[in-house]
Asker: 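Okay, here's the structure, questions in a sec.
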Amino acid sequence: MAVTSFLKRRSADLVSWLQAGPMMLVFVLFFLLPLAFVIMVSFWDYNEYEMIPTLTTRGYTETFEGCIAQMPELCTILKTYLKTLKLCFLVWLLTLLIGFTVAYFLAFHVQSKTWQIALSLICTIPFWTSNVIRMIAWIPLLGRNGLVNQGLISAGVIKQPLEWLLFSEFAVVLALVHLFTFFMVVPIFNSMIRIDKRLIEAAYDAGATGWQTLWNVIIPLAKPGMVIGSIFVITIVMGDFVTIGVMGGQQIAAAGKIIEVRLNALQFPAAAANAVILLGVTFLIIASLSRLVDVRKEL
Amino acid sequence: MTDNSKSSAGLSRRTLLKGAAGVAGLAAGSGAITGFPYVKSAEPKVLRYLGTAVNQADDITKKLFADTGIKLEYITATTDDVTKRVITQPNSYDVLDTEYFSLKKLIPSGNILPLDAKKIKEFNNITPVFTKGELPNGKKIGDQGTAPKKVMFLEGSNSTKFASSVTEWVTLIPTVYNADTLGIRPDLIKRPISSWSELLNPEFKGKASILNIPSIGIMDAAMVVEAAGIHKYADKGNMTKAEIDLTIKTLIDAKKSGQFRAFWKDFNESVNLMASGETVIQSMWSPAVTKVRSMGIPCVFQPLKEGYRSWASGFCVSKGVSGQKLEWAYEFVNWFLSGWAGAYLNRQGYYSAVLSTAKANMEPYEWAYWMEGKAAEKDIKAPDGSLLEKAGAVRDGGSYDDRMGSVACWNAVMDENDYMVRKWNEFIAA
């Protein structure tokens with residue numbers, strides 16, 4: 001008896017290993033291994049045209065160059081991260097607010113399934129063209145001689161065109177929110193649609209106002225979606241340099257941009273060191289987010 | 001005729017194969033896999049050509065194929081990516097088209113095969129701008145930065161050391177070069193511009209732009225610093241750390257006071273900025289000015305009293321190329337210098353390496369407009385037939401001798417490149 005149950009357990013183990021195996025293999029090959037290489041290379045030395053596999057912390061020390069000497073003024077890397085974090089926070093806040101509202105509307109105000117699907121599809125329209133085209137489309141709209149400025153001038157609201165509409169932090173945040181709100185809508189909608197409608201009725205019957213229901217019933221239950229959406233948006237924005245480059249007129253520093261400049265100058269170890277730093281920072285943010293909600297438990 | 005049809009059938013089939021089997025399939029497998037018994041005679045001559053879009057045109061591949069039977073497969077990348085690819089994937093191309101300043105990175109990597117000058121038919125007719133750093137009339141031109149003559153020759157066929165004088169071993173066969181300056185919108189500036197220092201003139205606050213490619217942008221900045229009388233460099237193309245600090249500080253001060261509207265990184269960005277009136281003065285490339293002008297918007301490639309920042313590119317061959325393929329590469333280079341391609345490039349506002357053969361392939365009125373700085377006798381058309389300038393127009397900056405004779409410095413990779421790149425990041429973050 002004992003032997004059969006042991007064998008049974010062994011074969012059950014084997015089956016679950018086999019089931020997890022392909023995913024694990026992909027994960028190791030295409031994520032862990034490259035990541036290990038990046039970390040390894042970040043400790044190498046380099047010259048104008050090649051990487052030199054000797055252990056050095058040059059990539060890191062030079063990245064933080066001047067951070068102590070320049071105090072109290074911030075050094076390049078801290079300034080860059082501060083800017084990136086600020087943009088990231090603004091984009092996260094706006095996408096969360098807008099995404100939550102859109103998802104709420106879709107989940108609770110739209111009754112028919114067909115309409116829910118149709119409206120969700122409409123949300124994907126911005127994704128029908130490429131990222132670059134979506135960004136470039138803002139330029140004739142927001143530029144010095146763009147539609148918005150022309151409209152405001154002819155309406156008599158302003159006399160001089162507004163310069164801060166384009167190539168500014170405003171433009172960057174606008175474009176990023178436009179690009180990534182959808183990544184919030186989907187997971188939040190997914191959480192909301194699974195909320196038992198009877199809970200809302202119960203809250204109503206118990207005399208809760210609309211806001212109380214929202215705050216005490218819907219938001220706690222939609223939290224996993226909000227956290228998942230936040231993880232999407234934060235990881236993308238932290239690493240972005242294309243949107244920030246185009247919409248910020250290349251004048252706004254970004255953590256991703258530093259990596260790109262280093263790569264283009266063939267300074268791979270320095271780029272790798274910066275990538276490791278960025279990864280670390282992003283990981284910290286995600287880790288603290290997932291302390292708020294145990295995503296796995298809630299799914 | 002029959003031979004032709006066979007080779008073209010083989011071609012399409014081989015193009016398919018290439019996708020699947022890649023390089024090896026192309027070189028080794030063409031006989032074995034396709035199974036053509038006569039494949040040797042019908043073998044299409046294919047060269048994979050890595051470079052920026054500057055020299056890559058359908059017209060050139062078509063004409064080349066018609067003249068020599070060589071088929072070019074373009075691999076297009078940005079300047080930085082071309083360099084990256086040469087260093088990391090030297091077997092992914094046959095012919096490389098790159099800029100002279102990249103050679104300081106490429107040659108030590110050992111991935112480049114120097115070409116034998118004796119096999120280049122027109123070699124002795126290549127303009128002395130490259131070989132000696134002077135105009136055909138003997139006038140010396142500026143050699144700050146990575147001037148081509150400094151990096152054009154190697155000490156031997158296997159050497160990775162640049163020779164100080166002319167040798168038989170050539171790193172890059174020059175193809176195209178130009179002298180760059182600031183582009184301006186005369187209709188919005190409404191006064192003459194004659195100095196690089198105008199780029200940081202507060203009059204153009206919020207309407208100026210500079211190139212966000214560190215190794216080129218720093219040179220434009222150096223022209224400005226020198227023109228403004230802030231500092232005189234011993235060599236703008238090879239600054240000391242203190243000079244880099246000073247140059248970047250000047251840029252940062254300007255950025256903080258709101259001088260720049262945006263920085264640009266590729267051709268189309270620079271065209272958009274200028275055409276939309278977001279900027280009125282900025283670093284620019286000649287064909288970008290032409291493009292703005294062809295949209296009906298006035299734009300001038302303004303000659304400035306301090307001179308031009310010049311660049312040059314050329315061909316070389318990957319270390320992995322040998323045998324038959326190397327012969328095709330020489331055949332291609334010889335064809336390129338034989339005039340048709342040179343005339344094609346000259347008509348776009350670039351300059352070609354062998355002036356005599358290009359001249360023979362251009363109409364006299366074209367040559368007079370593009371190269372001699374004379375007023376156009378007839379309408380000037382681009383190679384694709386579109387109108388560039390009406391009769392009577394004069395080229396910005398004038399003749400070849402006037403423009404190339406006023407070169408002050410060349411695009412460069414500095415000894416302190418690593419430090420410069422870090423400081424450039426500081427400028428962007430400021």
Asker: Checking side-chain polar atoms at under 3.5 Å, does N411(B) have a donor or acceptor matched by the opposite partner on Y100(B)?
Answerer: no
Asker: Side chain, backbone, both or neither: which part of E50(A) has a non-hydrogen atom closer than 4.5 Å to chain B?
Answerer: neither
Asker: Under 4.5 Å heavy-atom distance to chain B, tell me which part of E62(A) shows up: side chain, backbone, both or neither.
Answerer: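 For E62(A), heavy atoms of backbone and side chain both lie under 4.5 Å from chain B.
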Asker: Decide yes or no on side-chain contact (heavy atoms from CB on, under 4.5 Å) for K84(B) and N264(A), but give the supporting numbers first.
Answerer: CA-CA 7 Å; K84(B) 230 182 277 173; N264(A) 284 341; 3.3 Å; yes
Asker: Give a yes or no on whether the ring-centroid distance for F260(B) and F263(B) is below 6.0 angstrom.
Answerer: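 F260(B) vs F263(B): aromatic centres under 6.0 Å.
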Asker: Return the minimal non-hydrogen interatomic distance between V421(B) and A265(A), and the atom names on each side.
Answerer: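 Scanning both residues completely, I find the closest heavy atoms to be CG2-CB, 3.8 Å.
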Asker: Taking all non-hydrogen atoms of both residues, which atom of C299(B) and which atom of M274(B) are closest, and how far apart?
Answerer: SG-CG, 3.9 Å
Asker: Using a cut-off of under 4.5 Å for heavy-atom pairs, which of R261(B), E269(B), E426(B), K265(B) has the most such pairs with chain A?
Answerer: R261(B)
Asker: Tell me the residues of residues 142-160 of chain A whose non-hydrogen atoms fall below 4.5 Å from those of chain B, in number order.
Answerer: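 Residues in range: G143(A), R144(A), N145(A).
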Asker: For V413(B), is it the side chain, the backbone, both or neither that has a heavy atom under 4.5 Å from a heavy atom of chain A?
Answerer: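 Just its side chain gets close to chain A.
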Asker: Show which side-chain atoms of residues 208-219 of chain B pair as donor or acceptor with protein atoms under 3.5 Å away, not counting sequence neighbours.
Answerer:
from	atom 1	to	atom 2	distance (Å)
S209(B)	OG	A262(B)	O	2.7
N212(B)	OD1	W424(B)	NE1	2.8

Asker: Side chains of T279(B) and Q282(B): any donor to acceptor distance under 3.5 Å?
Answerer: yes
Asker: Closest approach of A288(B) and F267(B), non-hydrogen atoms and distance?
Answerer: N-CE1, 3.4 Å
Asker: With chain B, which of K79(A), Q267(A), K257(A) has the greatest number of heavy-atom pairs at distances under 4.5 Å?
Answerer: Q267(A)
Asker: Let me know if S276(B) has heavy atoms under 4.5 Å from chain A in its side chain, its backbone, both or neither.
Answerer: backbone
Asker: If I take atom CD1 from residue I297(B) and atom CG from residue D187(B), how far apart are they, to the nearest 0.5 angstrom?
Answerer: 8.5 Å
Asker: Would you give the length of the straight line joining atom CG of D220(B) to atom OG1 of T247(B), rounded to the nearest 0.5 angstrom?
Answerer: 12.0 Å
Asker: L106(B) versus chain A, heavy atoms under 4.5 Å apart: side chain, backbone, both or neither?
Answerer: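 Neither part, no heavy atoms under 4.5 Å.
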Asker: Report, by ascending residue number, the residues of residues 165-177 of chain A in heavy-atom contact with chain B at a distance under 4.5 Å; give 'none' if the set is empty.
Answerer: L166(A), F167(A)
Asker: From F427(B) CZ over to K249(B) NZ, what is the distance, rounded to the nearest 0.5 angstrom?
Answerer: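 Here the rounded value is 13.5 Å.
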Asker: Between D253(B) and K256(B) (salt bridge meaning N to carboxylate O under 4.0 Å), is one present in this structure?
Answerer: no
Asker: Check whether I87(B) gets within reach of chain A through its side chain, its backbone, both or neither, counting any heavy atom under 4.5 Å.
Answerer: side chain
Asker: Which residues, numbered in order, of residues 232-256 of chain A come under 4.5 angstrom of chain B by heavy-atom distance?
Answerer: V246(A), G249(A), Q250(A), Q251(A), I252(A), A253(A)
Asker: Cation-pi between R58(A) and F43(A): NZ/CZ under 6.0 Å from ring centre and within 45° of the ring axis?
Answerer: no
Asker: Where is the tightest heavy-atom contact between M51(A) and P53(A), given as atom of each residue plus distance?
Answerer: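 Closest pair (atom of M51(A), atom of P53(A), distance): O-CD, 3.7 Å.
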Asker: Given 3.5 Å as the limit, does a donor-acceptor pair link the side chain of D180(B) with the main chain of W285(B), or not?
Answerer: no
Asker: Do you know which two heavy atoms are closest between G110(B) and T160(B), and how far apart they sit?
Answerer: CA-CG2, 4.4 Å
Asker: Can you name the closest pair of heavy atoms from V151(B) and T171(B) and give their distance?
Answerer: O-OG1, 2.7 Å
